[in-house]
Amino acid sequence: MPELPEVETVRRGLEVIRNKKITEIFRSNKKLRFDSTIDIKKIVNSEVIDIKRKARYLIIDFSNNKTAIIHLGMSGRISIKDQFIKLKHDHFAFKINNQEWLIYNDPRRFGFIDIVKTDKIDDHKMLARLGPEPLSDNFNSNYLSKILNNKTINIKTAMMDNSVVVGVGNIYINESLFDSAISPLRSCKTLKKNEIEKLINSIKKIIAEAIKLGGSSISDYQNTKGEFGYFQNLLKVYDRSNQDCYRCNAKIERVIQNGRSSFYCKSCQF
DNA sequence: ACGTGTACCTGCACGC
DNA sequence: TGCGTGCAGGTACACG
C-alpha cells in the first residue's frame, strides 16, 4: 500500500492517540514479516508521547522508554475505531484510554511491528541504512550526483533504493520520471547535472502534492478514518499502459525493471 | 562492491 | 462457475 505520502497521512491520523494510554492489546497468532514472538504487551499501561515517521516506518514513542516501529508492507492499514470486532487479517490492536481502538489489518503480512528501547531505535536493522528524506535539504543535486556517478543500474531502480533516498516507491518514481521527462531505463551515470536537478524537483513536488491530497488510493489504501486519498486522480503514467500520453499523445509503455512494472512514454521521456 | 533475481503472502482481475 | 495465471504500494537476502 504505502509510499511516503500514504505513511505520512497515516501518521497524521494517529495524532488522535497522542498523550493517551494503551489500556489493552490484541495480537493475532499470525507471523507478520517478523516473528509473532515480539512481545507487544510491553507497552500496556504506557502513554503515547510522540508519533513520528522515518522513511516508511511509523515510530511511536511511549512513556515507559519503549518505542513501536510499524511498517505497513504492501497491504497494511491502520484504522481507529470505536469498537474492535476482529476481521480477517487484523493482526494487532491497541485499546486507547479504554475507549477507542487502533487496529492493524494486513492481508499480505509484509508489514511488521517491533518494540525497542527508545534510545536504541537507530540500531534497528530496518532503520540502519536509510538515505535522506526526499523533502529534506539533504536530498539535493550535489548529494545525488555523487551517488549516481558510481552506478551502472537504471535510474528508476536506483531511486527506489532506500539507501539512496527513502520513501519513493513504484508509483511516485514512475510519476517523477514522467514529470522530469527522463526515461526509467537510463543508466544512472548518463544523467547530466541539470537532469538530476529536474528529477529531484519532480520528486519533491510530487511527494509534497501527494501528501497534501492524502496519498493515492490505488486499490485498498485508506487513512486511519477509512477515507481514501485523492492523488490517484492525478497520476499521469502509473498503470496507464497503452493509454495516450498526456504530454505527447503517444502510447504509454509498460516494462519490467527489477521485477517491478515501469510505465513511461517512449517518445517524450529520454 | 554492485546488480539481479527471489522470497515472503493474500486477493483480485482476467481469460479460457 | 471454476480454475490457472499474473499482478499488486516493500524489503532483505542469496547469489553471481
Side-chain angles (χ1 to χ4, degrees), chain A residues 1-11 28-36 53-58 69-78 87-91 104-114 124-131 134 146-177 184-190 203 206-207 210-211 213-223 228-235 237-242 254-263:
Chain A
M1 173 262 279
E3 298 182 41
L4 193 150
E6 291 74 33
V7 180
E8 177 58 23
T9 303
V10 171
R11 189 202 68 74
S28 77
N29 54 11
K30 288 287 183 87
K31 184 169 122 358
L32 291 172
R33 179 172 249 280
F34 294 153
D35 214 314
S36 56
R53 178 190 58 74
K54 264 192 179 195
R56 279 169 268 209
Y57 300 91
L58 291 163
I69 305 171
I70 297 171
H71 194 284
L72 302 173
M74 289 281 255
S75 56
R77 185 189 296 175
I78 289 176
L87 300 175
K88 195 176 183 185
H89 308 307
D90 284 347
H91 295 301
Y104 180 84
N105 183 284
D106 187 358
R108 294 177 73 183
R109 290 190 272 128
F110 291 165
F112 70 83
I113 180 168
D114 204 353
H124 196 279
K125 74 167 180 191
M126 307 292 273
L127 301 180
R129 256 169 294 169
L130 296 178
K146 261 181 224 154
I147 298 215
L148 298 184
N149 279 341
N150 296 323
K151 288 190 181 292
T152 57
I153 50 168
N154 63 76
I155 184 67
K156 192 237 187 184
T157 304
M159 300 309 289
M160 290 179 71
D161 179 344
N162 280 321
S163 69
V164 175
V165 58
V166 299
V168 183
N170 206 30
I171 296 177
Y172 297 113
I173 191 55
N174 273 295
E175 293 299 311
S176 299
L177 286 164
L185 309 178
R186 281 277 292 284
S187 160
C188 291
K189 281 189 194 167
T190 69
I203 290 172
I206 284 168
I207 298 266
I211 292 173
L213 295 184
S216 297
S217 294
I218 294 303
S219 84
D220 57 4
Y221 166 72
Q222 296 177 4
N223 69 16
F228 298 108
Y230 290 99
F231 194 80
Q232 68 279 8
N233 301 318
L234 302 188
L235 297 177
V237 272
Y238 182 80
D239 206 19
R240 294 194 68 245
S241 52
N242 291 321
R254 172 175 173 268
V255 294
I256 304 290
Q257 293 179 283
N258 234 40
R260 315 297 303 272
S261 286
S262 298
F263 304 92

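What you are looking at is a predicted structure, and each value in this text was computed from that prediction instead of being measured. Every chain is numbered from 1 and lettered A, B, ... according to where its sequence line falls, protein lines coming before strand lines.
- In this structure, A:Thr152 reaches the sugar-phosphate backbone alone: every heavy-atom distance under 4.0 Å involves primed, P, OP1 or OP2 atoms, never a base.
- Here, B:dC9 and C:dC3 have their P atoms 23 Å apart, quoted to the whole Å.
- With B:dT4, B:dG11, B:dC9 as the candidates, the nucleotide lying closest to the side chain of A:Lys31 is B:dC9.
- When Watson-Crick and G-U wobble pairs are counted only if both distances are under 3.5 Å, C:dC3 pairs with B:dG15.
- If you measure from atom CG of A:Asn258 to atom P of C:dT11, you get 14 Å, rounded to the nearest angstrom.
- Counting non-hydrogen atoms under 4.0 angstrom, A:Gly259 reaches nothing in the nucleic acid.
- The CG atom of A:Leu127 sits 5.0 Å away from atom CD1 of A:Ile69, with the distance rounded to the nearest 0.5 Å.
- Looking at the side chain of A:His71, the nearest of the listed nucleotides C:dC13, B:dG11, C:dG10 is C:dG10.
- In this structure, the CE atom of A:Met159 is 17 Å from the C1' atom of B:dG3, given to the nearest Å.
- For A:Arg254 and A:Ser261, the side-chain atoms include at least one donor-acceptor pair closer than 3.5 Å.
- Between the side-chain ring of A:Phe110 and the base of B:dC9, no stacking contact exists by the 5.5 Å and 30° definition.
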Ring pair (Phe, Tyr, Trp, His ring centres under 6.0 Å) between A:Tyr238 and A:Phe231, intermediate numbers included: CA-CA 12 Å; A:Tyr238 182 80; A:Phe231 194 80; over 10 Å; no
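- Checked options A:His91, A:Lys88, A:His89; the residue passing with A:Ser28 is A:His91 (criterion: side-chain hydrogen bond (donor to acceptor under 3.5 Å, both in side chains)).
- Side-chain nitrogen and oxygen atoms of A:Lys151 include none within less than 4.0 Å of the OP1 or OP2 phosphate oxygen of B:dC2.
- Atom pair A:Arg240:CZ and C:dC7:C1' shows a separation of 19 Å (rounding to whole Å applied).
- Distance NZ (A:Lys189) to C1' (B:dC2): 11 Å, rounded to an integer number of Å.
- As a whole-Å value, the separation of A:Asp161 CG from B:dT4 P is 12 Å.
- In this pair, A:His124 and A:Phe112 present their aromatic rings parallel. The plane angle is below 30°, not in the 30 to 60° band.
- At whole-Å resolution of the value, NZ in A:Lys54 and P in C:dT11 are 15 Å apart.
- B:dC12 atom P lies 17 Å from atom CG of A:Asp239, rounded to whole Å.
- Taking every heavy atom of both residues into account, A:Lys151 and A:Lys189 meet most closely at O-CG, 3.0 Å.
- If A:Lys88 and A:Arg33 are placed on DNA chain B by their nearest nucleotide, the residue sitting closer to the 5' end is A:Arg33.
- A:Arg129 comes within contact range of no nucleotide atom at all, as no heavy-atom separation falls under 4.0 Å.
- Residues A:Arg108 and A:Met126 each lie close to DNA chain C; by heavy-atom proximity, the contact nearer the 5' end of the strand is made by A:Arg108.
- For A:Arg109 and B:dT10, the shortest distance from a side-chain N or O to OP1 or OP2 is below 4.0 Å.
- For A:His89, the listed nucleotide lying nearest its side chain is B:dT10; candidates were B:dT10, C:dC13, C:dA8.
- Contacts of A:Phe231 with the nucleic acid, taken as non-hydrogen atoms under 4.0 Å apart, are absent.
- One finds a side-chain N or O of A:Ser261 lying less than 4.0 angstrom from the OP1 or OP2 phosphate oxygen of C:dA8.
- Using a 4.0 Å heavy-atom cutoff across all strands shown, A:Asn162 reaches sugar-phosphate atoms only and no base atom.
- Residue A:Asn149 contributes atom CG, which lies 16 Å from atom C1' of B:dC2 at whole-angstrom precision.
- Note on A:Lys156: every side-chain N or O is 4.0 Å or more away from OP1 and OP2 of B:dG3.
- Looking at the side chain of A:Arg254, the nearest of the listed nucleotides C:dC7, C:dG10, C:dC13 is C:dC7.
- Residue-level contact check: A:Arg260 touches the bases, meaning some heavy atom is under 4.0 Å from a base atom.
- Taking all atoms of both residues into account, the shortest heavy-atom contact from A:Ile113 to A:Ile70 is CG1-CG1, 3.9 Å.
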